[in-house]
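Each residue takes its place number in the sequence, starting with 1.
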Amino acid sequence: MKLWLLIPCLWVSSVAAVDIIVVDAQQQQGVRSPTLSFCQARFYEEDKGRLYCNWAVNFRYACFVWWPTNKIIPAGAKLAEPVVVGKCGNGEPVYKLHHY
C-alpha cells in the first residue's frame, strides 16, 4: 500500500479541523466586525449610554425613514463620533456612525 499518500491527507484534515475549532470559538465569544449606520440628525439622541436614531444601512435609506427605529446602539460601541456626510432632499443633515 502507498502509505506516503495517506500521510499528507491526514495532515491536511487535522489542520482543517483546527481552523474550524478556532473560528467557532471566535464566533461564540461575540467577535464582531465594525459597521456603519446612518441616520437623520434630528432623530439622533444619546441617553444613559444608548444611541437612538432612525438607523439605516446607507445614506439613501436614512433620508426615507421618517421615524426612530427600534434599533438601539450601545454608546460604548462607538468607534468615532457621528459625522455629517450630506443632506437629504429636505435639507436635513445625515450622520454616519462607525461602530461595532
Side-chain angles (χ1 to χ4, degrees):
M1 181 175 184
K2 298 188 183 205
L3 191 57
W4 61 273
L5 286 174
L6 185 59
I7 293 172
C9 293
L10 291 174
W11 183 79
V12 168
S13 65
S14 66
V15 170
V18 170
D19 287 344
I20 291 170
I21 291 169
V22 170
V23 169
D24 285 343
Q26 287 177 345
Q27 289 175 353
Q28 290 175 358
Q29 292 175 359
V31 176
R32 294 173 49 185
S33 298
T35 188
L36 292 175
S37 292
F38 298 82
C39 79
Q40 292 181 30
R42 67 180 164 150
F43 293 119
Y44 184 80
E45 180 182 343
E46 292 188 33
D47 185 35
K48 297 180 183 176
R50 296 180 178 172
L51 307 176
Y52 301 94
C53 204
N54 67 327
W55 299 114
V57 295
N58 62 34
F59 176 87
R60 184 176 181 178
Y61 288 130
C63 290
F64 293 111
V65 180
W66 292 98
W67 55 90
T69 61
N70 291 332
K71 179 180 176 183
I72 299 170
I73 299 174
K78 272 194 310 190
L79 295 174
E81 291 300 315
V83 178
V84 176
V85 291
K87 293 184 178 183
C88 296
N90 65 355
E92 182 70 31
V94 174
Y95 286 148
K96 172 181 79 172
L97 179 67
H98 194 214
H99 65 92
Y100 282 106

Visitor: Supply the atom-to-atom distance I73 CD1 to K78 NZ, rounded to the nearest 0.5 angstrom.
Guide: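 I73 CD1 to K78 NZ: 10.5 Å, rounded to 0.5 Å.
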
Visitor: Side chains of V94 and C39: closer than 4.5 Å at any heavy-atom pair?
Guide: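 No, every pair of side-chain atoms sits at 4.5 Å or beyond.
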
Visitor: So among P34, P82, S37, P74, which one has a side chain to side chain contact (heavy atoms under 4.5 Å, CB included) with H99?
Guide: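 Result: among P34, P82, S37, P74, S37 is the only option passing the side chain to side chain contact (heavy atoms under 4.5 Å, CB included) with H99.
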
Visitor: Taking atom CZ of F43 and atom CH2 of W67, what is their separation to the nearest 0.5 Å?
Guide: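 Rounded to the nearest 0.5 Å, the CZ-CH2 separation comes to 9.0 Å.
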
Visitor: For atom NZ of K87, decide whether the heavy atoms of other residues, nucleotides or ligands shown that lie under 6.0 angstrom number more than 12.
Guide: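 Atom NZ in K87 is not crowded, with 12 or fewer foreign heavy atoms closer than 6.0 Å.
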
Visitor: Is the closest side-chain heavy-atom distance between F38 and V57 below 4.5 Å?
Guide: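 With C-beta onward as the side chain, the pair stays apart.
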
Visitor: From W66 CH2 over to N90 CG, what is the distance, rounded to the nearest 0.5 angstrom?
Guide: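 Taking CH2 in W66 and CG in N90, the distance rounds to 4.0 Å.
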
Visitor: Is the backbone N or O of H98 less than 3.5 Å from a side-chain atom of T35, with the two atoms forming a donor-acceptor pair by type?
Guide: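 Side chain of T35 to backbone of H98, a donor-acceptor pair under 3.5 Å: no, none is there.
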
Visitor: Tell me whether E46 contacts the main-chain N or O of A75 through its side chain, where contact means a donor paired with an acceptor under 3.5 Å.
Guide: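 No, because the side chain of E46 does not come within donor-acceptor range (under 3.5 Å) of the backbone of A75.
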
Visitor: Taking Q40 for its side chain and P93 for its backbone only, find out whether a donor-acceptor pair lies under 3.5 Å.
Guide: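 Answer holds: no.
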
Visitor: So if you build clusters from Ile, Leu, Val, Met, Phe, Trp, Tyr with side-chain heavy-atom gaps below 4.5 Å, do V85 and L36 land together?
Guide: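 Yes, because V85 and L36 connect within a single hydrophobic cluster, where side-chain heavy atoms sit under 4.5 Å apart.
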
Visitor: Would you find more than 12 non-hydrogen atoms of other residues, nucleotides or ligands less than 6.0 Å from R42 atom CZ?
Guide: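 Correct, the count exceeds 12.
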
Visitor: Flag the pair E81 and K96 as a salt bridge only when some basic side-chain nitrogen lies within less than 4.0 angstrom of an acidic carboxylate oxygen.
Guide: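 A salt bridge is absent here (no side-chain N lies under 4.0 Å from a carboxylate O).
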
Visitor: Classify the angle between the aromatic ring planes of Y95 and Y44 as parallel (below 30°), tilted (30 to 60°) or perpendicular (above 60°).
Guide: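 The rings of Y95 and Y44 stand perpendicular, inter-plane angle above 60°.
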
Visitor: Could you check whether any side-chain N or O of N54 sits under 3.5 Å from a backbone N or O of A62, counting only pairs where one atom can act as donor and the other as acceptor?
Guide: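 Confirmed, N54 side chain pairs with A62 backbone.
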
Visitor: Would you say V84 ends up clustered with W55 if hydrophobic residues are merged whenever their side chains have heavy atoms under 4.5 Å apart, either directly or through other cluster members?
Guide: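 Yes, W55 and V84 fall within the same hydrophobic cluster.
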
Visitor: How far does CD1 of I72 sit from CG of L51, to the nearest 0.5 angstrom?
Guide: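 The CG atom of L51 is 9.5 Å from CD1 of I72, to the nearest 0.5 Å.
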
